[in-house]
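Chain letters run A, B, ... following the sequence lines, proteins first, then strands; residues in each count from 1. Please read these numbers as outputs of a predicted model, since none were measured by experiment.
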Amino acid sequence: MHHASFNPLPREFYTRKDVVKIAQELLGKVIYTSVENVISSAIITETEAYEGVTDKASHAYNNRRTARTEIMYMNGGHAYVYLCYGIHSLFNIVTSATSDPHAVLIRAIEPLAGIESMKLRTGKSVINTKNATGPGNVSKLLGIKVAHSGIDLCPVSESECEIWIQDDGRKVPDTEIKISKRIGIDYAAEDALLPYRFQWIKSKKAP
DNA sequence: CCAATGATTGCCT
DNA sequence: GGCAATCATTGGC
């Protein structure tokens, strides 16, 4: 049922205009990382959309361009990774076209593979394989660092890529998607209320 | 040059 | 619920 052969999402998935729709569709997709000769993977279970130049919560609000945010102006399908609070690397996926700086923040995952490496990276003896929450933790588990900012998520060959995302066939029912306002952006005034946060809350199986 | 700060986390009471 | 940790980035001087 779930196929895990190398099959990255195509560029066209990321270059669409509607970052909110893409954020929702990323639920159930699988992130793969190949760092330090280890493959890790995890299902995306929580995302947030950041809607470019019109979104007060976005780093690119009002066409703000700095060395850091320049990555957001790349074509869809690139990684935008930045350091938050001096401690945490936050992994985002750039979407839409070149010069339209949309991005999706990955906030929680369900780890699948590379669990032993995740233990080493986090220093934890137990990894939550049901729902590992927190964007800083996501990057730590998968080995994603600020140095990955700007890399292409649409690689041609498996050998030369460090991060990519696949649709491995998991269906996320609309009834299992919780939509709410985004976290930690109180400074964004009325935009802090936008329903741009998506969580896959799996229903418990019947006994 | 330099002070302020953040798309957070984990540990405290 | 409160709050400290910790530093690259940012913007102002």
Report the distance from atom [atom1] of [X] to atom [atom2] of [N], rounded to the nearest whole Å.
X         : N      : atom1 : atom2 : result
Leu105(A) : dA7(B) : CG    : C1'   : 5 Å
Glu51(A)  : dA7(B) : CD    : C1'   : 15 Å
Lys140(A) : dT9(B) : NZ    : P     : 11 Å
Ile106(A) : dT8(B) : CD1   : P     : 14 Å
Leu194(A) : dA7(B) : CG    : C1'   : 14 Å
Leu26(A)  : dA7(B) : CG    : P     : 20 Å
Tyr187(A) : dA4(B) : OH    : C1'   : 15 Å
Glu48(A)  : dT8(B) : CD    : P     : 7 Å

Checklist entry - Do Leu83(A) and Ser89(A) come within less than 4.5 Å of each other through their side chains, counting heavy atoms only? => result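 Yes - at least one pair of side-chain heavy atoms lies under 4.5 Å apart.
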
Item to check | Within-4.5 Å side-chain heavy-atom neighbours: Pro155(A) and Pro8(A) | outcome: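 Side-chain contact under 4.5 Å: yes.
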
Next on the checklist: For residues 162-203 of chain A, which residue pairs pass the ring pair (Phe, Tyr, Trp, His ring centres under 6.0 Å) check, not counting sequence neighbours?
Outcome noted: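 Sorted pair list: Phe6(A)-Trp164(A), Tyr32(A)-Trp164(A).
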
Next on the checklist: If I compare all heavy atoms of Asp167(A) with all of Gly169(A), which pair ends up nearest, and what's the gap?
Outcome noted: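 Closest heavy-atom pair between Asp167(A) and Gly169(A): OD1-N, 2.8 Å.
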
Next on the checklist: Taking the six-membered ring for Trp, are Tyr82(A) and His59(A) closer than 6.0 Å centroid to centroid?
Outcome noted: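 Aromatic pair counts; centres sit under 6.0 Å.
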
Checklist outcome for this item: Reading nucleotides 6-13 of chain C from 5' to 3' and marking B where a protein heavy atom lies under 4.0 Å of the base, S where only the sugar-phosphate is that close, and - otherwise, the string is BBSSSS--

Is a side-chain donor or acceptor of [X] paired with a backbone partner of [Y] at a separation under 3.5 angstrom?
X        : Y        : value
Asn63(A) : Val53(A) : no
Thr69(A) : Thr66(A) : yes
Arg65(A) : Ala60(A) : no

Next on the checklist: Does dT8(B) have its OP1 or OP2 closer than 4.0 Å to a side-chain nitrogen or oxygen of Arg107(A)?
Outcome noted: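 True: Arg107(A) side-chain N/O within range (under 4.0 Å) of dT8(B) OP1/OP2.
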
Next on the checklist: Defining pairs by Watson-Crick or G-U wobble geometry with both distances under 3.5 Å, how would you list the stems of DNA chain B with at least three pairs each?
Outcome noted: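 Paired runs of 3+ in DNA chain B: B:1-6 with C:7-12, B:8-12 with C:1-5.
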
Item to check | Test applied, salt bridge (Lys or Arg N to Asp or Glu O under 4.0 Å); reference residue, Glu25(A); option that passes from Arg170(A), Lys171(A), Arg16(A) | outcome: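 Single pass found, and it is Arg16(A).
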
